[in-house]
Amino acid sequence: MLSVRDAEAIILNLVQPLDPQRDIEIIDLLAADHRILSTPVTSKLDFPHWDNSAMDGYAVRYEDVQHSSDAQPSILEIIEEIPAGYQPQSTVKAGQAARIFTGAVMPTGADTVVMQEKTRREENRVFILAAPQPEEFVRHKGAFYQGGKQLLPRGIKLHPPEIAVLAAAQCAKLSVYRRPRVAIFSSGDELVTPDQILQPGQIVDSNQYALAALVRKSGAEPLLLGIVQDNPDALREAIASAIADADIVLSSGGVSVGDYDYIDKILESLGAEIHIRSVAISPGKPLTVATFPTPPVTERLVLSEVEVSRSNSPIYFGLPGNPVSAMVTFWRFVQPAMRKLSGLAGGWEPKFLQVRSHHELKSNGKRETYIWGSLHLIDGVYEFHKAGGSHSSGNLINLAQTNALAILPVGQTVISPQAEVQVLRVG
């Protein structure tokens, strides 16, 4: 049985990111939120595009106003008014100034802007009541970015600030990694869909819905294959179909050591190499991770009217059937793998915080234990609150509103109230 850290390392080493030449699609900028750049972006434009004013005021020559004061103001002739979007028509000469507004192009001859609060105007004259700094309130062409240099690197996730940058750079279309495709199915004769009437011994398949939501939130495309009965032939057909169509396959159930747990044997019969069979984690001990030696299929995908190749081998995750175990193993192992696969340049690993525990937390110390609950900001300090009720891996009910998992390492059986605990943020 592998440690959690060893299992994480194996999984991340197995994952090969999407190819930046083939696994791409061209999208409109308005559809780019949360997508990942597959190609570095450059722009021909300088930022700012020209010398411009950072303030409403007067464009002047510094040498004309460097000794200005309230007692002895410099008096200048106003020769032009320059609003934003207007091309100046005049050159500022000795003893002259131009009325200028924020963002407007600096006129030739002027090198400094005096903010209007430090001036007094009388008809076509302006009195400068305080000496500015040289080039004060002037934003110079290319000061923020010089055209031709890299504007945004490959492998970053686009958020509103980056989208604003791309819009300003006139990048109306851009190349992003396609969304990874994740096949999902649940195995078990006892499972039914939410719209069916429950018979004695049956349970609703909640895992497929939870995993589909987690996959979507992670930026991937879920391919839902439904419920597969505990039948070797049916399972083999479902797995063969999934590995032909997806980058990642997620199944829940059938990976323990019971008489009806067929998944591992079927994977081996399909030529898979099984890298992980169990992990010292609670909940979530039974976990199968497998890869295939050669791509089971090479195909052409058409995404957003752009044809791209697919020739990568999928990674198979056989998750536990218990609902809490399925979600905990997804958060801990699958989500980081999906981040790396998606083309992100870095930051795939889980992010942990050291916080204060509100409650006493217990485990038997035999496996790395994950206790679900929520983070609250109390007097400026994050505090972990354990979810109420039973912490059974089959108790899905108190998993609601979970946004963090507190972690008790192997060998630690208790964390006292107000003591520090490491947590994994989720949700």
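Worth knowing before you read on, the calculation uses all heavy atoms, side chains too, and leaves out hydrogens, waters and symmetry mates.
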S.K.: Quick one: do Q335 and S218 satisfy side chain to side chain donor-acceptor pair (under 3.5 Å)? Show the steps, please.
M.R.: CA-CA 7 Å; Q335 197 165 57; S218 299; 3.2 Å; yes
S.K.: Measuring from atom OG of S282 to atom CG of N364, what distance do you get when rounded to the nearest 0.5 angstrom?
M.R.: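 Interatomic distance, S282 OG to N364 CG, rounded to 0.5 Å: 7.0 Å.
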S.K.: Do T112 and R61 come close enough that some side-chain heavy atom pair is under 4.5 Å?
M.R.: no
S.K.: For Q196 and T193, test the side chains for any donor-to-acceptor distance below 3.5 angstrom and give the result as yes or no.
M.R.: yes
S.K.: Do other residues, nucleotides or ligands put more than 12 heavy atoms under 6.0 Å from K44 NZ?
M.R.: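 Count not over threshold, so no.
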S.K.: Under a 4.0 Å threshold between the charged nitrogen and the carboxylate oxygen, would K265 count as salt-bridged to E268?
M.R.: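 Salt bridge absent between E268 and K265.
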S.K.: Looking at E237, I want to see if its CD is surrounded by more than 12 non-hydrogen atoms of other residues, nucleotides or ligands under 6.0 Å.
M.R.: no
S.K.: Testing R179, R35, K173 for salt bridge (charged side-chain N to carboxylate O under 4.0 Å, His left out) with E25, which one passes?
M.R.: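 Among R179, R35, K173, the one that satisfies the salt bridge (charged side-chain N to carboxylate O under 4.0 Å, His left out) with E25 is R35.
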S.K.: Tell me whether E383 is salt-bridged to R356, with the criterion being a basic N under 4.0 Å from an acidic carboxylate O.
M.R.: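 Looking at E383 and R356, the cut-off is met.
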S.K.: Could you tell me whether the side chain of N403 and the main chain of R425 form a donor-acceptor pair under 3.5 Å?
M.R.: no
S.K.: State plainly whether the residues R178 and D19 are in salt-bridge range, i.e. N to O under 4.0 Å.
M.R.: no
S.K.: Could you check whether any side-chain N or O of T119 sits under 3.5 Å from a backbone N or O of E117, counting only pairs where one atom can act as donor and the other as acceptor?
M.R.: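 Checked: no pair found.
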S.K.: Measuring only between side-chain heavy atoms, which start at C-beta, is F137 closer than 4.5 Å to M106?
M.R.: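 No, every pair of side-chain atoms sits at 4.5 Å or beyond.
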S.K.: Tell me if a side-chain donor or acceptor on E80 pairs with a main-chain N or O of Q89 at a distance below 3.5 Å.
M.R.: yes
S.K.: Would you say the side chains of R277 and T288 form a donor-acceptor pair under 3.5 Å?
M.R.: no
S.K.: How far apart are the closest heavy atoms of L158 and A32, and which atoms are they?
M.R.: CB-O, 3.5 Å
S.K.: Side chain to side chain donor-acceptor pair (under 3.5 Å) between S175 and S38: does it pass, once the steps are laid out?
M.R.: CA-CA 6 Å; S175 176; S38 61; 2.5 Å; yes
S.K.: Rounded to the nearest 0.5 Å, what's the gap from CD on Q401 to CG on L399? Could you check?
M.R.: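 With rounding to 0.5 Å, CD (Q401) is 10.5 Å from CG (L399).
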S.K.: For the atom pair CG (L223) and CG (D245), what is the distance rounded to the nearest 0.5 Å?
M.R.: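 The CG atom of L223 sits 7.0 Å away from the CG atom of D245.
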S.K.: Kindly give the heavy-atom pair with the smallest separation between L344 and W348, and that separation in Å.
M.R.: O-NE1, 2.9 Å
S.K.: Please tell me if the side chains of V426 and W372 come closer than 4.5 Å, counting only heavy atoms from C-beta onward.
M.R.: no
S.K.: Quick one, L166 and L152 - any side-chain contact, counting heavy atoms below 4.5 Å?
M.R.: yes
S.K.: Between I239 and L267, is the side chain to side chain contact (heavy atoms under 4.5 Å, CB included) condition met? List the steps.
M.R.: CA-CA 8 Å; I239 293 171; L267 290 172; 3.9 Å; yes
S.K.: With distance as the sole test, does D51 use its side chain to make a donor-acceptor pair with the main-chain N or O of K141 at under 3.5 Å?
M.R.: yes
S.K.: Could you label the plane-to-plane angle of the H358 and H385 rings as parallel, tilted or perpendicular, counting under 30° as parallel and over 60° as perpendicular?
M.R.: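 Correct class here is parallel.
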S.K.: For residues V182 and D247, determine if any side-chain heavy atom of one lies less than 4.5 Å from a side-chain heavy atom of the other.
M.R.: no
S.K.: Using side chain to side chain contact (heavy atoms under 4.5 Å, CB included), reason through V60 and V92 one step at a time and then give a plain yes or no.
M.R.: CA-CA 7 Å; V60 300; V92 174; 5.8 Å; no
S.K.: Are the side chain of E135 and the backbone of Q133 linked by a donor-acceptor contact shorter than 3.5 Å?
M.R.: no
S.K.: About how many Å separate OG1 of T102 and CE of M115, when rounded to the nearest 0.5 Å?
M.R.: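 Atom-to-atom, M115:CE and T102:OG1 are 9.5 Å apart.
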S.K.: Minimum heavy-atom separation for I227 and G188, please, with both atom names.
M.R.: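 Heavy atoms only, the tightest pair is CG2-O, 3.9 Å.
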S.K.: Between the side chain of N52 and the main-chain N/O of W50, is any donor-acceptor distance below 3.5 Å?
M.R.: yes
S.K.: Locate the shortest heavy-atom distance separating P180 from L18; write the atom from each residue and the value.
M.R.: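 It is CG-CD1, 4.2 Å.
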S.K.: Tell me if the CD atom of Q354 is crowded by more than 12 foreign heavy atoms within 6.0 Å.
M.R.: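 More than 12 within 6.0 Å, yes.
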S.K.: Does the side chain of L250 reach to within under 4.5 Å of the side chain of V215, using non-hydrogen atoms?
M.R.: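 In contact.
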S.K.: Between S241 and A238, is there a donor-acceptor pair closer than 3.5 Å when you use the side chain of the first and the backbone of the second?
M.R.: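 No, because the side chain of S241 does not come within donor-acceptor range (under 3.5 Å) of the backbone of A238.
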S.K.: On the six-membered ring of F101, is R99 placed so that its NZ or CZ lies under 6.0 angstrom from the centre and within 45° of the ring axis?
M.R.: yes
S.K.: Could you report the tightest heavy-atom contact between V423 and A404, atom names first, then the distance?
M.R.: CB-CB, 4.5 Å
S.K.: When you check the side-chain N and O atoms of H376 and S374, is any donor under 3.5 Å from an acceptor?
M.R.: yes
S.K.: Side-chain contact test, heavy atoms from C-beta onward, threshold under 4.5 Å: evaluate it for P232 versus L235 and give yes or no.
M.R.: no
S.K.: Crowded around Y145 OH? As in, over 12 foreign heavy atoms under 6.0 Å?
M.R.: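 Atom OH in Y145 is packed in, count exceeds 12.
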S.K.: Compare every heavy atom of S252 with every heavy atom of P320, then report the nearest pair and how far apart it is.
M.R.: O-CB, 3.7 Å
S.K.: Would E360 and K386 pass as an ion pair if we require N to O under 4.0 Å?
M.R.: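 Looking at E360 and K386, the cut-off is not met.
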S.K.: I'd like to know whether E8 forms a salt bridge (Lys or Arg N to Asp or Glu O under 4.0 Å) with R332, so could you lay out the CA-CA distance, the side-chain angles of the two residues, the decisive distance to 0.1 Å, and finally the verdict.
M.R.: CA-CA 8 Å; E8 176 191 66; R332 188 62 184 85; 2.9 Å; yes
S.K.: Under 3.5 Å, is there a donor-acceptor pair linking the side chains of S187 and Y262?
M.R.: no
S.K.: Looking at side-chain heavy atoms only, is the closest gap between K351 and L424 below 4.5 Å?
M.R.: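 K351 does not reach L424 side chain to side chain.
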S.K.: State the CZ-OG distance between F292 and S313, to the nearest 0.5 angstrom.
M.R.: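 With rounding to 0.5 Å, CZ (F292) is 8.5 Å from OG (S313).
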S.K.: Looking at F47, does the NZ or CZ of R139 lie under 6.0 angstrom from its six-membered ring centre and within 45 degrees of the ring axis?
M.R.: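 No - R139 does not lie over the ring of F47 by the 6.0 Å and 45° rule.
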S.K.: Hey, is the main chain of A9 close enough, under 3.5 Å, to the side chain of N13 for a donor-acceptor pair?
M.R.: yes
S.K.: Which is it for H391 and N398 under the side chain to side chain contact (heavy atoms under 4.5 Å, CB included) test, yes or no, and what are the steps along the way?
M.R.: CA-CA 8 Å; H391 274 246; N398 70 343; 3.8 Å; yes
S.K.: Just by modelled atom types, is the D233 backbone N or O under 3.5 Å from a matching donor or acceptor in the N231 side chain?
M.R.: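 Yes.
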S.K.: With a sphere of 6.0 Å drawn around CG of D195, does it hold more than 12 non-hydrogen atoms of other residues, nucleotides or ligands?
M.R.: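 Counting other residues, nucleotides and ligands, CG of D195 exceeds 12 neighbours.
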S.K.: Could you walk me through whether L198 and V204 pass the side chain to side chain contact (heavy atoms under 4.5 Å, CB included) test, one step at a time?
M.R.: CA-CA 8 Å; L198 283 176; V204 174; 4.0 Å; yes
S.K.: From L151 CG over to C171 SG, what is the distance, rounded to the nearest 0.5 angstrom?
M.R.: 6.5 Å
